[in-house]
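Bear in mind the structure is a predicted one, so any value in this text is a computation, not a measurement. Values below: all heavy atoms of this structure, side chains included; hydrogens, waters and symmetry mates excluded.
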Amino acid sequence: MTLRESAPRHIPWSEPTALQIVHAHLGEQGPLLPVLHALQETFGYVDPLAIALVANVLNLSRADVYGVFSFYSDFRSTPPGELRVQVCRGEACQSVGGRALAEHATSSLGVDFGATTTDGSVTLDEVFCLGNCALGPSVAVNGQLRGRVGADEFDRLVHPGTSNIGFA
Ligand code: FES
């Protein structure tokens, strides 16, 4: 399986489906976080329209829902790219080249952290530890971990038409 084939399967935003998801969590204690996670797992992101919808069904204010949504950096408000690339910016990785890798990642993809390339193929995110500190700089692509990643390997992983043989 290639990296692109390993991308999570999401469905397009649908208000009826979103409503079903929210209603499935009614009656739970503290349903807001599970609802937001379920929406993101289903659609790949939390559509801005979901904020009002969730607030309405859970009898919360939009500010409450948005506050929780925006507090957790893992929640996205736009659809993710085919490849989700997470570059570790934790201390251990920073000390072995992670800073240079982070700069290379943004310039190679032409986007800042938290953004998706204009062709929709790659979403670049930063994380602050992937649990692979001894083998930094660490990167995860669609959840698959890679250690000791330099600029050349980064480009092989993220640019179309290059070999993903390490994950095949
Ligand atoms: S600090 Fe990068 S994997 Fe832990």
Side-chain angles (χ1 to χ4, degrees), residues 1-14 17-18 21 33-51 65-168:
M1 180 183 291
T2 67
L3 282 174
R4 280 184 164 69
E5 288 166 346
S6 70
R9 301 281 174 235
H10 300 125
I11 64 172
W13 162 255
S14 150
T17 303
I21 290 169
L33 261 181
V35 162
L36 292 174
H37 280 294
L39 290 170
Q40 182 144 308
E41 281 170 24
T42 302
F43 303 115
Y45 70 109
V46 179
D47 193 284
L49 294 171
I51 300 295
V65 177
Y66 184 76
V68 171
F69 166 79
S70 59
F71 181 79
Y72 295 96
S73 60
D74 213 39
F75 290 131
R76 320 188 50 79
S77 60
T78 54
E82 200 176 351
L83 288 183
R84 184 185 181 200
V85 178
Q86 297 170 291
V87 175
C88 182
R89 307 198 72 188
E91 280 302 317
C93 285
Q94 296 282 22
S95 68
V96 291
R99 192 165 287 115
L101 179 65
E103 286 174 13
H104 176 78
T106 55
S107 89
S108 177
L109 290 170
V111 294
D112 288 327
F113 286 104
T116 299
T117 55
T118 50
D119 65 359
S121 65
V122 181
T123 295
L124 180 64
D125 284 324
E126 60 184 354
V127 293
F128 292 91
C129 189
L130 287 165
N132 193 43
C133 311
L135 295 174
S138 299
V139 169
V141 182
N142 284 349
Q144 298 186 46
L145 188 60
R146 199 73 166 176
R148 298 215 164 102
V149 176
D152 289 346
E153 183 171 6
F154 182 87
D155 287 344
R156 277 195 296 275
L157 292 171
V158 304
H159 288 297
T162 57
S163 171
N164 288 328
I165 199 163
F167 288 107

Assess whether side-chain contact (heavy atoms from CB on, under 4.5 Å) is satisfied between L109 and F154, documenting all intermediate values. CA-CA 10 Å; L109 290 170; F154 182 87; 4.0 Å; yes
With a 4.5 Å cut-off on side-chain heavy atoms, are F69 and S77 touching? yes
Over all heavy atoms of both residues, which pair between A38 and I21 is shortest? Give the atoms and the distance, please. CB-CG2, 3.6 Å
Quick one: pull up CD in Q40 and CG in D74 and give me the separation to the nearest 0.5 Å. 6.0 Å
To check you understand the geometry: which heavy-atom pair defines the closest contact between P137 and G98, and what is its length? CG-N, 3.8 Å
Under 3.5 Å, side chain of S108 to main-chain N/O of A105, donor-acceptor pair present? no
Neighbour count >12 (heavy atoms, 6.0 Å) for atom CZ, F113: yes
Within this structure, what is the OG-CD distance for the pair S138 and Q86, rounded to the nearest 0.5 Å? 11.5 Å
Quick one: does Q94's side chain have a donor or acceptor within less than 3.5 Å of a partner on R89's backbone? yes
Let me see the working for L101 and V139 under side-chain contact (heavy atoms from CB on, under 4.5 Å), right down to the final yes or no. CA-CA 10 Å; L101 179 65; V139 169; 3.7 Å; yes
Please report the shortest heavy-atom distance between F43 and A18, naming the atom on each side. CZ-N, 3.9 Å
From C88 SG over to L135 CG, what is the distance, rounded to the nearest 0.5 angstrom? 12.0 Å
So, does T116 use its side chain to make a donor-acceptor pair with the main chain of T123 at under 3.5 Å? no
About how many Å separate CG of L83 and NE2 of H159, when rounded to the nearest 0.5 Å? 11.0 Å
Over 60° means perpendicular and under 30° means parallel, so classify the ring planes of F75 and H37, tilted if in between. tilted
Over all atoms of both residues, closest heavy-atom pair of V111 and L124: O-CD2, 3.9 Å
Which heavy atom in D47 sits nearest to a heavy atom in L49, and how many Å separate them? OD1-N, 2.8 Å
Using every non-hydrogen atom in the two residues, find where D125 and R84 come nearest and quote the distance to one decimal. OD2-NE, 2.7 Å
Quick one, T17 and T42 - any side-chain contact, counting heavy atoms below 4.5 Å? yes
Would you compute the distance between atom CG of D152 and atom NE2 of H104 and round it to the nearest 0.5 angstrom? 7.0 Å
For H10, enumerate each residue passing the ring pair (Phe, Tyr, Trp, His ring centres under 6.0 Å) test, keeping only those at least two apart in sequence or located in another chain. none
With the side chain counted from C-beta on, respond yes when Y72 and L36 share a heavy-atom pair under 4.5 Å apart, and no when they do not. no
